[in-house]
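Order of the sequence lines sets the chain letters (A, B, ...), proteins ahead of strands, with each chain counted from 1. Values reported hereafter were calculated over all heavy atoms of this structure, with side chains retained and with hydrogens, waters and symmetry mates removed.
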Amino acid sequence: PPWENTVEGIIHGFQQVSAGKIGACVANIEKRQRTGMSYEDAWNMTSVQLANASEAHCRAFILTTYFTETENQIKSVSPALRTVLLQLVDLYVVYWALQRVGDLLRFTSISERDIEQLQSWYEELLLKLRVNAVGLVDAFDIRDEILHSALGAYDGRVYERLMEEALKSPLNAEPVNESFHKYLKPFMQGKL
Amino acid sequence: VNPDLQRERDNCTFNVTELTNLIDGGAQKTEERRKREEMVLKEGIHLDEVPSEYLSHKEKYELAVKKACYLFKMIRRLQEEENTGMENYQEVLGGSLGSAILRDGSPLTLHYVMFIPTLMGQATVEQQVLWIGRAFNCDIIGTYAQTELGHGTFIRGLETTATYDPDTKEFVLHSPTLTSYKWWPGGLAHTANYCIVVAQLYTKGQCHGIHPFIVQLRDEETHMPLPGIKVGEIGAKLGMNGTNNGFLGFDKVRIPREHMLMKNAKVLEDGTYVRAPSSKLTYGTMMFVRVVLVNDVCSYMAKAVTIATRYSAVRHQSQPKPDEPEPQILDYVTQQHKLAIGIATVHALRLSAAWIWNMYNNVTAELDAGDMERLPELHALSCCLKAISTADAAETVERCRLSCGGHGYMLASSFPLMYGMVTAACTYEGENTVMLLQTARYLVKAWQQAKGGNPLTPTVAYIASVSAGRRS
């Protein structure tokens with residue numbers, strides 16, 4: 001079937017990749033068995049491909065679920081939020097298409113031109129999402145006490161918090177650590 | 001608030017609260033969650049006198065026990081006040097709230113994630129009456145010991161034996177080799193006094209495969225290990241150093257016949273073995289944990305991207321255009337690439353987790369009615385989803401850490417502890433490659449079924465449609 005550079009088209013492409021990989025595994029196992037290898041040995045020899053096929057199946061499942069569940073969710077949200085949620089779905093689907101270009105080239109009819117378009121689409125999506133990046137993570141609504149991070153607190157006082165944390169180091173409890181007298185000074189003076 | 005961060009918030013094009021409500025499942029759910037968080041955090045259990053990073057391994061455990069006990073005490077109080085059940089454990093201990101208090105893991109996690117669910121799923125009604133009340137009240141603390149030093153995901157290879165003695169109506173638990181010692185269960189080392197033990201059942205001289213047993217490990221008063229029980233801690237790890245993972249060996253330890261969990265298979269008084277309707281039913285607890293895990297790693301990813309994104313708004317770096325100030329690092333497309341995919345991944349996996357949780361509940365209900373048709377499909381899907389979600393979470397946390405440069409390497413960033421937690425999930429409850437290969441068995445069968453023109457289950461139905469005409 002011809003390649004479609006749409007979310008649905010990419011998801012379908014991932015299903016083709018998954019089915020293609022499973023089919024290739026079965027063919028390889030059968031081929032090895034025909035040479036006299038036991039099923040267990042043939043399975044083991046094919047296991048790298050089998051793990052890949054399994055991953056492809058899972059990717060197809062996640063992409064499908066993310067897309068369909070979001071489609072259900074956005075029916076009841078505001079147009080502004082709908083736009084952002086769909087941008088995220090697009091981004092995720094396109095990202096994985098670009099991550100798995102080799103597989104798509106092998107098992108679907110995607111072309112180089114399609115891939116170039118996907119790359120541009122991805123970069124455009126990053127630009128669109130840029131303005132909402134902080135809003136998107138604020139929406140996870142994780143309190144500072146739960147986040148427990150000097151870098152990620154809601155107020156953004158990153159440098160102040162890093163310094164506050166640094167001062168909690170037990171090494172800062174005294175101006176001179178005893179290791180200076182025990183080791184460093186004798187070492188520097190050649191008396192160790 | 002940092003002015004750069006404030007500007008980002010001012011420029012946001014959508015209503016943040018609306019998205020929060022959508023993630024929580026409604027405005028009321030958001031309110032409930034916030035109330036719960038407020039209630040838990042105001043107890044102050046999360047506050048440390050000394051930053052836990054600077055404590056020794058032993059002190060970390062002692063602090064974790066202290067916090068876990070106070071947390072459970074609070075949950076018990078909530079249950080009495082609100083007359084609720086298991087859901088309070090889930091809501092307070094699961095996800096981000098629990099991990100905020102016990103950042104490097106809890107020694108009591110397996111009590112509620114595995115011990116109680118296994119009793120609920122595999123014990124008879126009489127056994128549940130005996131044990132579940134005590135477990136809920138924390139009169140006893142349990143864990144779940146399956147993995148052995150020499151045997152991981154391949155549980156049919158477990159070596160621990162439970163041999164039935166019809167004369168005394170007891171099982172004799174024994175660890176015949178070093179490799180048969182139980183290895184890794186959280187809380188096992190110095191916390192739990194009871195344990196679900198998975199062992200090879202022998203009766204009338206015949207092996208009937210692995211079965212679960214409830215075993216008392218320590219005296220309920222003194223906490224001393226009981227005779228024949230060899231128990232201890234496995235030592236410092238990359239992460240999860242608060243979980244108190246332990247080892248356990250048995251030297252011909254006798255337990256009453258009623259301590260075999262007999263909802264499925266049974267051993268009668270005379271030693272007659274009554275087979276379970278399906279051997280797969282023993283795998284129920286593992287599937288439950290894998291399903292819960294997917295949700296848990298989403299919480300860690302949400303934390304990681306929150307930290308990295310806010311940091312990227314505050315942090316300025318370099319001077320790409322002369323005579324212009326250093327831009328926010330969020331303006332660099334490479335940084336957007338690192339962060340945006342992390343945010344999208346949280347949503348993608350959160351929805352997948354919700355989907356499989358729903359499937360798990362449906363399949364469990366079908367199992368109770370004796371219908372096991374979708375059990376293999378659930379098993380296959382939970383295996384690969386566990387593998388992919390934990391691997392993606394580890395990658396996301398690491399990518400977020402890197403996006404914060406050297407500051408992300410500080411323990412104060414929270415990334416190192418988070419990485420320790422998510423990367424542990426790549427190996428516990430089944431190492432990821434083994435998980436993928438378990439799914440592969442199902443996929444190969446599905447392929448062969450499709451080739452034979454047989455109908456496929458919903459999650460693999462695409463194989464029949466898209467593979468038509470290719471490689472068949």
Checklist entry - Taking all non-hydrogen atoms of both residues, which atom of B:Thr439 and which atom of A:Ser54 are closest, and how far apart? => result CB-OG, 3.0 Å
Next on the checklist: Less than 4.5 Å to any heavy atom of chain A: does that hold for the side chain of B:Thr345, its backbone, both, or neither?
Outcome noted: both
Checklist entry - What pair of heavy atoms forms the shortest contact from A:His12 to B:Val466, and how long is it? => result CE1-CG1, 3.3 Å
Checklist entry - Is the number of heavy atoms from other residues, nucleotides or ligands within 6.0 Å of CZ (A:Phe187) greater than 12? => result no
Checklist entry - How far apart are the C-alpha atoms of A:Val89 and B:His347, what are their side-chain angles, what is the distance that settles it, and do they pass the side chain to side chain contact (heavy atoms under 4.5 Å, CB included) test? => result CA-CA 9 Å; A:Val89 174; B:His347 289 283; over 6 Å; no
Checklist outcome for this item: Of B:Phe415, B:Tyr54, B:Tyr311, the largest count of non-hydrogen pairs under 4.5 angstrom with chain A goes to B:Tyr54
Next on the checklist: One thing to verify: whether A:Asp155 and B:Arg310 come together as a salt bridge, which I'm taking to mean a side-chain N less than 4.0 angstrom from a carboxylate O.
Outcome noted: no
Item to check | B:Ala440 versus A:Trp43, closest heavy-atom pair with distance | outcome: C-CH2, 3.8 Å
Checklist entry - Which bit of B:Asp331 is near chain A, if near means a heavy-atom gap under 4.5 Å: side chain, backbone, both or neither? => result both
Checklist entry - If you tally heavy-atom pairs under 4.5 Å against chain A, which of B:Ala340, B:Ala302, B:Ala313 wins? => result B:Ala302
Item to check | Top of B:Leu411, B:Thr433, B:Leu385 for chain A proximity - count of heavy-atom pairs under 4.5 angstrom | outcome: B:Leu385
Checklist entry - Counting heavy atoms not belonging to A:Phe180, are there more than 12 under 6.0 Å from its CZ? => result yes
Next on the checklist: Looking at every heavy atom in both A:Ser149 and B:Ser414, which two are closest together, and how far apart are they?
Outcome noted: CB-CB, 4.0 Å
Output a table of donor-acceptor pairs, distance under 3.5 Å, between side-chain atoms of residues 26-36 of chain A and any protein atom two or more places apart or on a different chain; print 'none' if there are none.
{"residue": "A:Asn28", "atom": "ND2", "partner": "A:Ala24", "partner atom": "O", "Å": "3.1"}
{"residue": "A:Asn28", "atom": "ND2", "partner": "A:Gln49", "partner atom": "OE1", "Å": "2.8"}
{"residue": "A:Arg32", "atom": "NH1", "partner": "A:Thr46", "partner atom": "OG1", "Å": "3.0"}
{"residue": "A:Thr35", "atom": "OG1", "partner": "A:Arg32", "partner atom": "O", "Å": "2.5"}

Next on the checklist: Rounded at 0.5 Å granularity, tell me how far CG in B:Asp48 sits from NE2 in A:His148.
Outcome noted: 6.0 Å
Checklist outcome for this item: Between the CD1 atom in A:Ile22 and the CG atom in B:Leu443, the distance rounded to the nearest 0.5 Å is 4.0 Å
Item to check | Those residues of residues 17-24 of chain B, ordered by number, that approach chain A below 4.5 Å (heavy atom to heavy atom) | outcome: B:Glu18, B:Leu19, B:Thr20, B:Leu22, B:Ile23
Checklist outcome for this item: Heaviest contributor of heavy-atom pairs below 4.5 Å to chain A, chosen from B:His46, B:Gln6, B:Gln448, B:Glu37, is B:Glu37
Please tabulate, for side-chain N and O atoms in residues 62-70 of chain A, each donor-acceptor pair with protein atoms closer than 3.5 Å (sequence neighbours left out).
{"residue": "A:Thr64", "atom": "OG1", "partner": "A:Ala60", "partner atom": "O", "Å": "2.5"}
{"residue": "A:Thr65", "atom": "OG1", "partner": "A:Phe61", "partner atom": "O", "Å": "2.7"}
{"residue": "A:Thr68", "atom": "OG1", "partner": "A:Thr64", "partner atom": "O", "Å": "2.8"}
{"residue": "A:Thr68", "atom": "OG1", "partner": "A:Thr65", "partner atom": "O", "Å": "3.3"}
{"residue": "A:Thr70", "atom": "OG1", "partner": "A:Tyr66", "partner atom": "O", "Å": "2.6"}

Checklist entry - Nearest 0.5 Å, what's the CZ-CD1 distance between A:Arg59 and B:Ile388? => result 4.5 Å
Checklist entry - Among B:Leu436, B:Leu5, B:Thr459, who wins on heavy-atom pairs under 4.5 Å with chain A? => result B:Leu436
Checklist entry - Going by heavy atoms in the side chains, are A:Glu165 and B:Met410 under 4.5 Å from each other? => result no
Checklist entry - Is it the backbone or the side chain of A:Arg161 that comes under 4.5 Å from a heavy atom of chain B, or both, or neither? => result neither
Checklist outcome for this item: Whatever's closer than 4.5 Å to a heavy atom in chain B on A:Val84 counts as side chain
Checklist entry - Any side-chain heavy atom of B:Arg315 within less than 4.5 Å of one from A:Val158? => result no
Next on the checklist: Restricting to non-hydrogen atoms, name the atom on B:Ala344 and the atom on A:Leu91 that form the minimum distance, rounded to 0.1 Å.
Outcome noted: CB-CD2, 4.1 Å
Checklist entry - With a 4.5 angstrom heavy-atom cut-off, which part of B:Leu47 approaches chain A: side chain, backbone, both or neither? => result neither
Checklist entry - So which of A:Leu50, A:Leu129, A:Leu162, A:Leu126 has the largest heavy-atom pair count under 4.5 angstrom toward chain B? => result A:Leu126
Checklist entry - Does the salt bridge (charged side-chain N to carboxylate O under 4.0 Å, His left out) test come out yes or no for B:Glu38 and A:Arg143, once each step is laid out? => result CA-CA 10 Å; B:Glu38 179 62 32; A:Arg143 289 172 60 135; 2.8 Å; yes
Next on the checklist: Can you confirm whether more than 12 heavy atoms, excluding those of A:Met163, are under 6.0 Å from its CE atom?
Outcome noted: no
Next on the checklist: Heavy-atom pairs under 4.5 Å with chain A - which of B:Leu381, B:Asn11, B:Val333, B:Leu339 has more of them than the others?
Outcome noted: B:Leu381
Checklist entry - So what's closer than 4.5 Å to chain A heavy atoms on B:Val50: side chain, backbone, both or neither? => result neither
Checklist entry - What part of B:Arg103 gets closer than 4.5 Å to chain A, counting heavy atoms only: side chain, backbone, both or neither? => result side chain
Item to check | Stacked cation flag B:Arg9 on A:Tyr154, 6.0 angstrom / 45 deg | outcome: yes
Next on the checklist: Under the criterion side chain to side chain contact (heavy atoms under 4.5 Å, CB included), I'd like the reasoning laid out for A:Leu151 against B:Arg401: C-alpha separation, chi angles, the key distance, then a yes or no.
Outcome noted: CA-CA 10 Å; A:Leu151 309 188; B:Arg401 180 183 76 79; over 6 Å; no
Checklist entry - What's the verdict on side chain to side chain contact (heavy atoms under 4.5 Å, CB included) for A:Tyr159 and B:His407, showing C-alpha distance, side-chain angles and the deciding distance? => result CA-CA 10 Å; A:Tyr159 302 114; B:His407 290 163; 3.9 Å; yes
Checklist entry - Does the side chain of B:Glu8 come within less than 4.5 Å of A:Arg130's, by heavy atoms? => result yes
Next on the checklist: Any heavy-atom pair between the side chains of A:Thr83 and B:Phe14 that's under 4.5 Å?
Outcome noted: no
Item to check | Electrostatic pair A:Glu145:B:Lys42 at N-O distance under 4.0 angstrom | outcome: no
Item to check | B:Tyr442/A:His57 aromatic ring centres below 6.0 Å | outcome: no
Checklist entry - Is the number of heavy atoms from other residues, nucleotides or ligands within 6.0 Å of CD (A:Glu112) greater than 12? => result no
Checklist outcome for this item: If one checks every heavy atom of A:Ala166 against chain B at 4.5 Å, the contacting part turns out to be neither
Item to check | Minimum-distance pair of heavy atoms, taken over all atoms of B:Tyr462 and A:Ser18 | outcome: OH-OG, 2.5 Å
Checklist entry - So, do B:Asn2 and A:Arg157 sit near enough that their side-chain heavy atoms are less than 4.5 Å apart? => result no
Checklist entry - With only heavy atoms counted, which part of A:Ala51 is less than 4.5 Å from chain B, the side chain, the backbone, both or neither? => result both
Item to check | A:Leu81 backbone acceptor or donor facing B:Asn15 side chain under 3.5 Å | outcome: no
Checklist entry - What pairs with A:Tyr122 under ring-ring contact (aromatic ring centres under 6.0 Å, His included), at least two apart in sequence or on another chain? => result B:His337
Item to check | Heavy-atom check, side chain of A:Leu147 versus side chain of B:Thr306, under 4.5 Å | outcome: yes
Checklist entry - Hey, does B:Leu351 have a side-chain heavy atom less than 4.5 Å from the side chain of A:Gln73? => result yes
Checklist entry - Do B:Cys12 and A:Val131 have side chains that get closer than 4.5 Å, going by heavy atoms? => result no
Checklist entry - Nearest 0.5 Å, what's the NZ-CD1 distance between B:Lys303 and A:Ile146? => result 7.0 Å
